[in-house]
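Everything on this sheet refers to the single structure shown next.
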Amino acid sequence: MLLFLLSFSNAFAQENRINKEKWHWNGNKLKQDTIAGYCQVLKIDNVLYISGAVTNHITPEGITSVYNDLKASLASFGATFENVVKENLYTTDIEEMKKFNPVRKKFYTNDFPAATWVQVQRLYMPSAKLEVELIAHLPK
C-alpha cells in the first residue's frame, strides 16, 4: 500500500522546475541580455511576459515605434495584439501620452486589454519617456 501511495503521489506531483522559453532581440544563444539582466519575451505555458519597449519621444512616431517593437515581441511566439490581456504603460508625461492615445489604440483595433498607466519621474534608460510592457495569452 505504501509503495502504491508513493508512486501515485509522484505521478501527480508538480514539477519542481518551470519550463521557460525565451526570445530576445539580439538572438544570442542565451536569448537574454546578460548585462542588464532580462529577456525580451518569456513564455511559460501559454502565457507571454513581454518586457518593456521604450522610446525617447512621446510623439506619434515614438509611440508607433514602441508598439511596432511590441508587435515583433508578440510575433516571436506567433501572437498578435489580440492575444494581449494586460498592458502596463509607464511614462514621464501622462498628459502627452493621453494626447496621442489614438496612435496606441490603432494597434488593438478596439479589442483593448486591461491596462494600467503610470507617470514616473524617470525610467531605467535616462532619456526614455515611455515604456510599455505586455502580458499575452496564447491559445492552448
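The structure presented is a predicted model; accordingly, all values stated were derived computationally and were not measured.
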Gap separating the [atom1] atom of [X] from the [atom2] atom of [Y], nearest 0.5 angstrom:
X      : Y      : atom1 : atom2 : answer
Ile63  : Leu130 : CD1   : CG    : 6.5 Å
Thr92  : Gln121 : OG1   : CD    : 10.0 Å
Lys129 : Met97  : NZ    : CE    : 15.0 Å
Thr80  : Asn83  : OG1   : CG    : 4.5 Å
Leu42  : His24  : CG    : NE2   : 12.5 Å

Show me the donor-acceptor pairs within less than 3.5 Å that the side chains of residues 49-58 make with the rest of the protein, sequence neighbours left out.
| unit_1 | atom_1 | unit_2 | atom_2 | d |
| --- | --- | --- | --- | --- |
| Ser51 | OG | Cys39 | O | 2.7 |
| Thr55 | OG1 | His57 | N | 3.2 |
| Thr55 | OG1 | His57 | O | 3.4 |
| Asn56 | OD1 | Ser127 | OG | 3.2 |
| Asn56 | OD1 | Ala128 | N | 3.4 |
| Asn56 | ND2 | Ser127 | OG | 3.4 |

Considering residues at least two apart in sequence or located in another chain, which fulfil the salt bridge (charged side-chain N to carboxylate O under 4.0 Å, His left out) criterion with [X]?
X     : value
Lys98 : Glu95
Lys99 : Glu96
Glu21 : Lys43

**Asked** Any side-chain heavy atom of Val84 sitting closer than 4.5 Å to one from Phe81?
**Response**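 Answer yes - side chains close enough.
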
**Asked** Any side-chain heavy-atom pair from Val103 and Asn101 closer than 4.5 angstrom?
**Response** no

For [X], give me all partners under side chain to side chain donor-acceptor pair (under 3.5 Å), at least two apart in sequence or on another chain.
X      : value
Thr59  : Glu61
Asp93  : none
Thr109 : none

**Residue pairs, two or more places apart or on separate chains, that pass salt bridge (Lys or Arg N to Asp or Glu O under 4.0 Å) and touch residues 46-59** =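 Listed by first then second residue: nothing to list.
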
**Asked** Do Phe112 and Phe107 belong together in a cluster built from hydrophobic side chains that touch within less than 4.5 Å?
**Response** yes

**Message:** Are Trp117 and Phe100 connected into the same hydrophobic cluster when the rule is that any two of I, L, V, M, F, W, Y join if their side-chain heavy atoms are below 4.5 Å apart?
**Reply:** yes

**Prompt:** If you look at every heavy atom in Tyr108 and Arg104, which pair is closest and at what distance?
**Reply:**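 Taking every non-hydrogen atom into account, CD1-O, 3.8 Å.
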
Show me the side-chain donor-acceptor pairs of residues 65-75 shorter than 3.5 Å, one per line, residues at least two apart or across chains.
| unit_1 | atom_1 | unit_2 | atom_2 | d |
| --- | --- | --- | --- | --- |
| Tyr67 | OH | Glu87 | OE2 | 2.8 |
| Asn68 | ND2 | Thr64 | O | 3.4 |
| Ser73 | OG | Asp69 | O | 3.3 |

Just distance, no hydrogens or angles: give the donor-acceptor pairs under 3.5 Å from side chains in residues 133-140, sequence neighbours left out.
| unit_1 | atom_1 | unit_2 | atom_2 | d |
| --- | --- | --- | --- | --- |
| Glu133 | OE2 | Asn88 | ND2 | 2.9 |
| Glu133 | OE2 | Tyr90 | OH | 3.4 |

